[in-house]
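Below is one structure; the comments refer to it alone.
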Amino acid sequence: MRVCLAAGLGMEIDEKGLIQALNEIVDDVSSIPDYRNAFKKQFCNLSRRLKLLAPMCEEVRESGDAIPAETLETLRPLLAALASSRELLRFGSEGSKIRLVLEKDEILKKFQSLTSRLEQALGNIPLDKLEISDEVKEQIELVHSQFKRAKEQMDTPDIDLYNELLSAYESNADIDPNILRRLAEKLQLTTISDLKQESLALHEMVTSSGGDPGERIEKISMLLKKIKDYVLTHDPQMGAPFPLKATSSDAKFSSPIIPDDFRCPISLELMCDPVIVATGQTYERTYIEKWLGAGHNTCPKTQQPLSNTSLTPNYVLRSLIAQWCEANGVDPPKRAVNSQPKALCSSTHPDIDALLHKLTSHSVEDQRAAAGELRLLAKRNADNRVCIAQAGAIPFLVRLLPSADPRTQEHAVTALLNLSICEENKKTIIMCPGAVTGIVHVLKRGSMEARENAAAALFSLSVVDENKVTIGASGAIPALVALLGEGSQRGKKDAATALFNLCIYQGNKGKAVRAGVVSTLMALLTEPSSGMMDEALAIMAILAGHQEGRAAIGASKAIPVLVEVIGSGSPRNRENATAVLVHLCSGEQQQQHLIEAQEHGLMGPLQELAKNGTDRGKRKALQLLDRMNKLIEQQLKAIQAPPETPAVTPAQLEASFASAATVATAADAGPSQSPDPTSEGQSSDTDAQSQEGEPKLPATPAD
């Protein structure tokens, strides 16, 4: 059981458990997908503020220093408030949208209570007693002030929506279609997906009530049905799941009402693959499989326990649905790719169940052979990736990651890499217990090929933003830095792409710097045969926007190398090198860095880039030229104020100043007047991600 589950109740946990619980809750909050409901603004604001606590939690965990007892006690109220906030946010993402509005007063009270608790908890924490950076302290103080303002002025939801919804909820008569339209739009129940999620939320309410839905849930369900019927019949452009065939020359036609018996009780959609469960109820195969896969052992409609989980195809109903579609000019629903796995068996491929059985065998040879076969099947096509994951192979492959047999370990991690190319499988893998830690284990201790594929797997998984936090907290970054420095050419590129993607998240930048990535990047930049200059500069451009990264780059004697790249590198590398210098020359040691860049002949290459570079390169060059001009002005003034001895002659400085001014005037006015993402004090993430040629996941799966 995760520590944080107990933390919100008894709070009797030690220092290590408390810090772990704080990190887990913030990670959980970051993984909640969205809040499409009437309280979206309130939920998004709360979520955004809690995510900003992640760097503090991470730095406290990584510091390793004991926290004073008094300081530790101030963190306990924060932990309790975070645990309550997580539950409210989960309800906002997964709960009933209709219920949220009907219970607006209770929801608002929860927001007010949590805002007050979080503001008080943050205000009582002595930040100077925690081993965190000044940058993070400033961020926490900012979050505290945001909660303080939010406590004083709480936003209220749409009152008109509440009144109309309450009226429709209490009415037993037909509801005005205009009211139903407004309710559907304001509640964001305008698509089949929205209606399906609301239906599932109501099913969860029934389940949590012990199987007795009660009058309230039944009335919400009836209201949802009215909204659903309106969306599917009165406005097919909003919600009709299937295109209609026109039956006359008149372009105005409407969708026929789908018989209730043809709709899946879970999704409310027209069924394409109806199956019968043990209670005799019929469901769409995909949705009942998801219900059972979530651990439920009851019939969703009747709430009766299922004597078994077998699913029997309802061929009669399928035939009736097909006949109804033909008679009403409706295209029959097509089965989703993942609704029924395509058979993997053929004369040359063993049955998938047999492969899964071999994965659990005590024979190393059987495990190795099965993992190798799954690796190849997952490599071949997208259908196989879906089928293998649906068959339940991912947990079995994860269990093989710590295998003592190098070849089995390599097959397992590569199979997971290939499976992760499918978007649906990314979440399955990341949520599988031990998956990320297992991949990191292979990254640290596997064979070189296994380490390379582990790095590629982490990059593939980190494409999802929430996963960047999870992977960064797993200890993957130091192992990726090690592979970047000692791997083969392919291994270095795999590590670089993974690091690039992970460092897009602000909280991972400090981890990479502390793992020594800057010195490794400098080695790649100064090694002509490394072939890694593109990747090294791309990562460095991201890190330069971080305080620790900027300090590490400045201390690594990078300026001569950067000046050389600006003078002779590719357009993309010149942009990145200039972006790094812009950040260096905006920090605490900007004067020192500007003088060093000037001494290494930056002005000439910079002037040429400002004239002939790409749009981004010109913007960076103009920013740097502006700083150089100010430096030259200071030097000219210093020359006229003895007894200081100028580093260069007045004539040289005047010529340099005139040349720079000419370039700045002649350059395109658009970029120079527009705000730049990497101007002083801002992050370079946007620019770093938008460059052409940034690291990408290989187009084909691993061999």
Side-chain angles (χ1 to χ4, degrees), residues 36-40 91-92 94-105 107 157-209 212-242 244 252-271 281-284 287 300-303 321 324-325 328 330 333:
R36 300 184 68 251
N37 56 54
F39 286 84
K40 179 177 181 178
F91 179 68
E94 303 168 3
S96 166
K97 298 176 181 180
I98 296 176
R99 180 185 173 188
L100 265 174
V101 177
L102 291 175
E103 298 180 358
K104 70 176 182 65
D105 292 336
I107 298 298
D158 189 337
I159 299 300
D160 291 337
L161 169 62
Y162 170 74
N163 291 333
E164 283 194 334
L165 184 63
L166 184 62
S167 175
Y169 168 79
E170 295 177 342
S171 174
N172 293 321
D174 292 338
I175 303 174
D176 184 343
N178 290 324
I179 293 179
L180 288 174
R181 168 182 276 278
R182 288 195 294 272
L183 291 178
E185 291 175 345
K186 289 186 176 182
L187 290 169
Q188 299 189 49
L189 294 174
T190 58
T191 67
I192 290 297
S193 177
D194 296 334
L195 294 167
K196 177 187 70 176
Q197 182 173 343
E198 183 70 8
S199 178
L200 289 172
L202 292 182
H203 279 297
E204 289 295 333
M205 289 170 62
V206 173
T207 302
S208 62
S209 68
D212 180 13
E215 181 183 1
R216 187 173 185 81
I217 298 177
E218 287 182 354
K219 291 175 72 173
I220 293 177
S221 181
M222 291 177 62
L223 176 57
L224 174 61
K225 186 177 185 303
K226 292 177 181 179
I227 295 174
K228 169 200 67 181
D229 288 340
Y230 170 80
V231 170
L232 296 177
T233 57
H234 288 77
D235 199 343
Q237 295 303 318
M238 291 171 64
F242 316 115
L244 305 177
K252 295 182 180 180
F253 55 88
S254 61
S255 170
I257 297 177
I258 302 172
D260 286 341
D261 289 341
F262 291 179
R263 286 195 175 110
C264 172
I266 297 177
S267 69
L268 305 179
E269 296 179 36
L270 184 65
M271 288 185 281
Q281 298 295 324
T282 297
Y283 300 92
E284 172 62 33
Y287 297 104
K301 189 172 183 179
T302 67
Q303 291 301 305
I321 292 174
W324 179 85
C325 290
N328 288 275
V330 176

From [X] atom [atom1] to [Y] atom [atom2], the distance as rounded to the nearest 0.5 Å:
X	Y	atom1	atom2	value
E103	D105	CD	CG	10.0 Å
L223	L102	CG	CG	7.5 Å
L161	R182	CG	CZ	10.5 Å
T190	I227	OG1	CD1	11.0 Å
N37	E198	CG	CD	9.5 Å
E164	L180	CD	CG	9.5 Å

Taking the side chain as everything from C-beta on, heavy atoms only, tell me whether [X] gets closer than 4.5 Å to [Y].
X	Y	answer
V101	K97	no
C325	L270	yes
I175	L183	no

Are there more than 12 heavy atoms of other residues, nucleotides or ligands under 6.0 Å from atom NZ of K226?
-> yes
Of all heavy-atom pairs between E284 and M271, which one has the smallest distance, and what is that distance?
-> OE1-CA, 3.3 Å
Taking all heavy atoms of L100 and all of F91, pick out the closest pair and write down the distance.
-> CD2-CE2, 3.5 Å
Between the main-chain N or O of I98 and the side-chain N or O of Y169, is there a donor-acceptor pair closer than 3.5 Å?
-> no
Test side chain to side chain donor-acceptor pair (under 3.5 Å) applied to K225 - qualifying residues, sequence neighbours left out | D229
